[in-house]
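Since the structure is predicted, the reported quantities are computational estimates derived from the model, not experimental observations. The first residue of the sequence shown is numbered 1, and numbering continues consecutively from there.
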Amino acid sequence: MQGTGIVRRIDELGRVVIPKEIRKTLRIKEGDPLEIYTDKENLVISKYSPISSINDFVKIVADGIEEITEKVCLITDNDNILYVSKGKMKDAIGKNVSKSLENVLKDRKSVVSSRVDGGTIIDLCVDYDFQAENQIIVPIISSGDCYGALIVFDKDKSSHFKAEDVKIARLGASFLSKQFE
């Protein structure tokens, strides 16, 4: 492992400050959970994503929603795209979520939008264009904490989501949120 050139001392309570430059690069914000463990002789601190710990449920829910709605379903944590139900879009997995989506997650409100109705489509991801024409974004919230989002979208310029599609998206997000109780 190569050094960064930044050295910090541990205080009397065992605390160490993570430099601002590193927090910015890794998108670590106040209140973010961090996982701390040892790897041989190294102390490893990494961002912790609770949703990635339920990855099997994530895949089942996203694939099930796509099967029922015939729309693409993707699931994010607060920082990255974790899963996309459509095979040809799987290269978006691991990409950072957009600032616009981060703001939706901060607000903790669901969004249903369609371009054909003049709605604003929220960019979902940095460095990847899903070309969505319609989207449903439902934050995954448990015990007051937002863990990410379940998003259903399509590219059909002439379609609208049905009320059932919105209910299915909310059900999927609710199921995932129950895994953290």
Should Lys29 and Asp79 count as an ion pair when the cut-off is N to O under 4.0 Å?
yes
Ile137 versus Ala149, closest heavy-atom pair with distance:
CG2-CB, 4.1 Å
Check this for me: Glu41, atom CD, are more than 12 non-hydrogen atoms of other residues, nucleotides or ligands nearer than 6.0 Å?
no
Salt bridge or not between Lys86 and Glu66? Use side-chain N to carboxylate O under 4.0 Å.
yes
Expected output: side-chain Asp107 to main-chain Lys109 donor-acceptor under 3.5 Å
no
Below 4.0 angstrom, N of the basic side chain to O of the carboxylate: do Glu133 and Lys155 qualify?
no
Would you indicate whether the side-chain heavy atoms of Asn42 and Thr38 approach each other to under 4.5 Å?
no
Check against side chain to side chain donor-acceptor pair (under 3.5 Å), His160 and Asp117
CA-CA 9 Å; His160 293 74; Asp117 292 334; 2.9 Å; yes
Tell me, yes or no, whether the heavy-atom count around Tyr128 atom OH, taken from other residues, nucleotides or ligands under 6.0 Å, exceeds 12.
yes
Of all heavy-atom pairs linking Val61 and Gly172, the shortest is CG1-CA, 3.9 Å
Flag the pair Asp63 / Glu67 as yes when at least one side-chain heavy-atom distance between them is below 4.5 Å, and no otherwise.
no
Can Ser158 and Asp156 be counted as having a side-chain donor-acceptor contact under 3.5 angstrom?
yes
Compare all side-chain heavy atoms of Val84 with those of Ile93 and state whether any distance is below 4.5 angstrom.
yes
How close do Arg23 and Val17 get, heavy atom to heavy atom, and via which atoms?
NH1-CG1, 4.3 Å
Relative to each other, are the rings of Phe175 and Phe57 parallel, tilted or perpendicular (30° and 60° limits)?
perpendicular
Using 4.0 Å as the upper bound for N to carboxylate O, is an ion pair formed by Arg15 and Asp11?
yes
Kindly compute the distance separating CD1 (Ile18) from CD1 (Ile6), expressed to the nearest 0.5 Å.
11.0 Å
Return the minimal non-hydrogen interatomic distance between Ile121 and Ala132, and the atom names on each side.
CG2-O, 3.7 Å
Report yes if some heavy atom in the side chain of Phe180 is under 4.5 Å from a heavy atom in the side chain of Pro50; otherwise report no.
yes
Heavy atoms only: give me the nearest Ile81-Cys125 pair and the separation to one decimal.
CG1-SG, 4.0 Å
Dump the intermediate steps for side chain to side chain donor-acceptor pair (under 3.5 Å) on Ser98 and Asp123, then the final yes or no.
CA-CA 6 Å; Ser98 69; Asp123 289 330; 6.0 Å; no
I need the Leu82 CG to Leu74 CG distance, nearest 0.5 Å.
9.5 Å
With a cut-off of 6.0 Å (strictly less than), are more than 12 heavy atoms of other residues, nucleotides or ligands near CZ of Arg8?
yes
Name of the residue among Ile168, Ile136, Val166 meeting side chain to side chain contact (heavy atoms under 4.5 Å, CB included) with Thr69:
Ile168
Going by heavy atoms in the side chains, are Ile51 and Ile140 under 4.5 Å from each other?
yes
Hey, is Lys71 close enough to Asp154 for a salt bridge, meaning N to O under 4.0 Å?
yes
Determine, step by step, whether Cys73 and Tyr83 satisfy the side chain to side chain contact (heavy atoms under 4.5 Å, CB included) criterion, reporting the C-alpha distance in whole Å, the side-chain angles of both residues, the deciding distance to 0.1 Å, and the verdict.
CA-CA 8 Å; Cys73 181; Tyr83 188 75; over 6 Å; no
More than 12 non-hydrogen atoms from neighbouring residues, nucleotides or ligands closer than 6.0 Å to CZ on Arg170, yes or no?
no
Heavy-atom side-chain proximity of Asn80 to Val97 below 4.5 angstrom
no
For the residue pair Asn134 and Ser159, confirm or rule out a side-chain donor-acceptor distance under 3.5 Å.
yes
Smallest separation among heavy atoms of Lys95 and Asp91, with atom names:
CE-O, 3.7 Å
Residues Lys178, Glu181: salt bridge by 4.0 Å N-O rule
yes
